[in-house]
Amino acid sequence: MPELPEVLHFKHYVESTSLNQSIGKAEILSDKVISNTTAEDFSKFLKGQTFKSASNYGKYLFLHSTGDRDLVMHFGMTGQPVYFKNEHKQQDYARAIFHFENGFKLAFDCAQMLGKLELIEDKKAFIQNKELGPDISSDEFDEETFLELMDSRRGMIKSSLMDQNLMAGIGNECSDEILFQARMHPKKKVNELNEDELRNLYDKIDMVVKTNLDCLDHDKELPDSFILKERSEGADCPDCVGTIAKITVGGRSGYFCPQCQHK
DNA sequence: AATATTGTTCAGCA
DNA sequence: GTGCTGAACAATAT
């Protein structure tokens with residue numbers, strides 16, 4: 001479930017389980033998830049390495065190794081890291097497994113096979129190459145930056161929020177929640193938004209990301225005021241008597257309350 | 001059985 | 001260059 005809050009949660013998960021342990025073996029179960037290099041080179045490099053720290057940028061998770069290359073994980077639509085010891089706890093969809101010398105293992109799990117593992121030499125260059133916008137959880141993404149980014153936009157707000165080249169981290173579900181919290185229609189044109197509306201939107205991005213992350217990290221349910229709790233057609237709006245409707249924006253399915261969220 | 005799905009990337013067209 | 005659509009990628013769940 002990897003949008004930025006999930007990726008940050010995964011970062012915390014990996015930090016608390018998989019750092020500072022020597023990798024005895026890097027097992028590749030599906031070659032398809034390895035990009036940039038061969039499965040053989042990938043395994044060979046990681047054997048004997050140790051993950052020293054983790055960081056993220058947008059939906060990408062970086063595991064910094066003791067060697068001259070770092071591991072990048074991208075989870076696609078259904079990926080997740082799973083730390084375990086006993087084989088019977090192993091997930092069905094592990095595509096790669098890092099075996100640590102203490103007997104524990106970290107699996108790169110991804111049912112849909114849309115996830116990617118990559119070895120890179122330079123994180124900055126990697127980000128530049130992907131042409132990612134500022135990470136929405138970083139200091140770089142301040143309110144003025146957000147206003148500037150939206151300044152030249154003319155399309156629909158939901159599409160802009162999800163555009164990784166504009167700002168990195170918001171996916172389909174988060175964008176629905178942000179727009180619901182701001183009580184804004186997904187198809188609202190960005191150039192029709194005034195400064196107050198944009199500033200409010202910025203605050204909601206921050207709130208949704210922080211709330212989401214807090215719930216994931218502490219295994220809590222989302223607040224009842226969130227549309228993500230009942231994100232399906234015909235569900236009750238958390239705030240009014242309306243029902244949730246489905247809409248297609250930029251080829252993705254969005255859910256919103258037509259009564260609360262106006263154009 | 002048909003359809004939908006949390007992401008990315010590319011092609012085509014206005 | 002921007003914006004929008006559709007497709008491909010692949011597997012699973014309903």
Side-chain angles (χ1 to χ4, degrees), chain A residues 1-10 13 28-36 56-61 72-82 91-96 107-118 120 126-133 135-136 148-180 185-193 205 208-209 211-213 215-216 222 226-235 244-256:
Chain A
M1 348 185 134
E3 297 180 44
L4 184 124
E6 286 91 346
V7 175
L8 280 175
H9 174 60
F10 293 162
Y13 178 79
I28 311 300
L29 300 161
S30 304
D31 286 18
K32 283 186 180 176
V33 302
I34 310 293
S35 64
N36 245 17
N56 85 297
Y57 195 103
K59 300 173 189 174
Y60 294 88
L61 180 64
V72 188
M73 293 183 165
H74 191 284
F75 299 96
M77 290 207 278
T78 55
Q80 59 178 337
V82 181
Q91 304 294 302
D92 292 335
Y93 309 118
R95 306 304 176 187
F108 177 76
D109 214 86
C110 114
Q112 255 178 329
M113 297 273 274
L114 293 175
K116 284 276 175 291
L117 293 177
E118 197 167 322
I120 60 162
F126 175 84
I127 292 160
Q128 259 179 20
N129 195 251
K130 296 276 181 198
E131 298 182 310
L132 297 173
D135 175 302
I136 55 161
E148 276 170 37
L149 285 170
M150 297 310 242
D151 204 35
S152 56
R153 294 258 122 188
R154 312 192 303 279
M156 299 177 283
I157 182 62
K158 183 173 166 70
S159 298
S160 281
L161 290 176
M162 289 199 293
D163 187 340
Q164 303 302 301
N165 301 125
L166 207 59
M167 60 194 95
I170 301 172
N172 199 11
E173 292 195 346
C174 269
S175 70
D176 278 355
E177 190 62 64
I178 291 160
L179 291 167
F180 177 70
H185 195 288
K187 287 194 171 179
K188 180 87 182 179
K189 291 280 200 314
V190 175
N191 55 300
E192 291 170 358
L193 295 171
I205 292 173
V208 167
V209 168
T211 305
N212 238 324
L213 176 61
C215 290
L216 289 166
L222 289 170
F226 270 39
I227 197 175
L228 285 184
K229 280 199 86 172
E230 273 297 329
R231 186 175 172 274
S232 58
E233 210 169 358
I244 305 305
K246 188 177 174 182
I247 191 174
T248 298
V249 185
R252 307 301 302 277
S253 302
Y255 294 85
F256 76 115

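Just so we're on the same page: letters track the sequence lines, and every chain starts at 1.
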Which dot-bracket string fits DNA chain B when only Watson-Crick or G-U wobble pairs with both atom distances under 3.5 Å count, crossing pairs get [ ], and | stands for a partner on a different strand?
.||||.||||||||
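Atom C1' of nucleotide B:dG7 and atom NZ of A:Lys116 are separated by 11 Å, given to the nearest angstrom. Between the P atom of B:dT5 and the CE atom of A:Met162 lies a distance of 12 Å, rounded to the nearest Å. Rounded to an integer number of Å, the gap from A:Leu132 CG to B:dT8 P is 8 Å. Rounding to whole angstrom units, CD1 of residue A:Ile170 and P of B:dT8 are separated by 12 Å. Whole-Å rounding puts the A:Glu3 CD to B:dT8 C1' distance at 13 Å. Rounded to a whole Å, the CD atom of A:Glu230 is 17 Å from the C1' atom of B:dT6. Following rounding to the nearest Å, A:Leu117 (CG) and B:dG7 (P) show an atom-to-atom distance of 18 Å. Straight-line distance from the CD atom of A:Glu131 to the C1' atom of B:dG7: 17 Å, rounded to whole Å.
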Taking protein heavy atoms under 4.0 Å as touching, what does nucleotides 9-14 of chain C look like 5' to 3' if B marks base contact, S marks sugar-phosphate-only contact and - marks none?
BBBS--
Reading nucleotides 9-14 of chain B from the 5' end, what letters show protein touch, with B for base, S for backbone sugar-phosphate only, - for no heavy atom under 4.0 Å?
S-----
When you check every protein heavy atom under 4.0 Å of nucleotides 1-8 of chain C, what one-letter string (B, S, -) results, 5' to 3'?
-SSSS---
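Side-chain contact between A:Ile244 and A:Ser232: absent, with no pair of heavy atoms (C-beta onward) separated by less than 4.5 Å.
Spacing between B:dT3 and C:dG6 at atom P, rounded to whole Å, works out to 15 Å. B:dA4 and C:dA7: their P atoms are spaced 13 Å apart (whole Å). Here, C:dC9 and B:dA1 have their C1' atoms 22 Å apart, quoted to the whole Å.
A:Ser253 has no side-chain polar atom (N or O) that falls below the 4.0 Å cut-off from OP1 or OP2 of B:dA4. Distances shown here put a side-chain N or O of A:Lys246 below 4.0 Å from the OP1 or OP2 atom of B:dT5.
Residues forming a ring pair (Phe, Tyr, Trp, His ring centres under 6.0 Å) with A:Phe108 (at least two apart in sequence, or on another chain): A:Phe75. Legend: residues meeting salt bridge (charged side-chain N to carboxylate O under 4.0 Å, His left out) with A:Lys32, ordered by chain and number and at least two apart, are absent. Among residues two or more places apart in sequence or in another chain, the side-chain contact (heavy atoms from CB on, under 4.5 Å) test is passed with A:Lys116 by A:Ser35, A:His74. Here A:Lys130 pairs with nothing under the side chain to side chain donor-acceptor pair (under 3.5 Å) rule; sequence neighbours left out. Among residues two or more places apart in sequence or in another chain, the ring pair (Phe, Tyr, Trp, His ring centres under 6.0 Å) test is passed with A:Phe226 by none. Take A:Gln164 and apply the side-chain contact (heavy atoms from CB on, under 4.5 Å) test, not counting sequence neighbours, and it matches A:Lys59, A:Leu132, A:Ala168. With sequence neighbours left out, A:Arg252 forms a side-chain contact (heavy atoms from CB on, under 4.5 Å) with A:Met77, A:Met162, A:Asn172. A search for side-chain contact (heavy atoms from CB on, under 4.5 Å) contacts involving A:Asn165 returns A:Glu131, A:Asp163, not counting sequence neighbours.
One finds the OG1 atom of A:Thr78 at 4.0 Å from the CD atom of A:Gln112 (value rounded to the nearest 0.5 Å).
Enclosure of atom NZ in A:Lys189 is not indicated, since only 12 or fewer non-hydrogen atoms of other residues, nucleotides or ligands lie within 6.0 angstrom.
The closest donor-acceptor contact from the side chain of A:Asp109 to the backbone of A:Pro81 lies at 3.5 Å or more, if one exists at all. Panel note: side chain A:Glu177, backbone A:Leu228; a donor-acceptor pair is recorded below 3.5 Å.
When each of A:Tyr255 and A:His74 is assigned the nucleotide of DNA chain B with its nearest heavy atom, A:Tyr255 is the one assigned upstream, toward the 5' end.
In summary, the aromatic rings of A:Tyr60 and A:Phe126 are positioned with their centroids under 6.0 Å apart.
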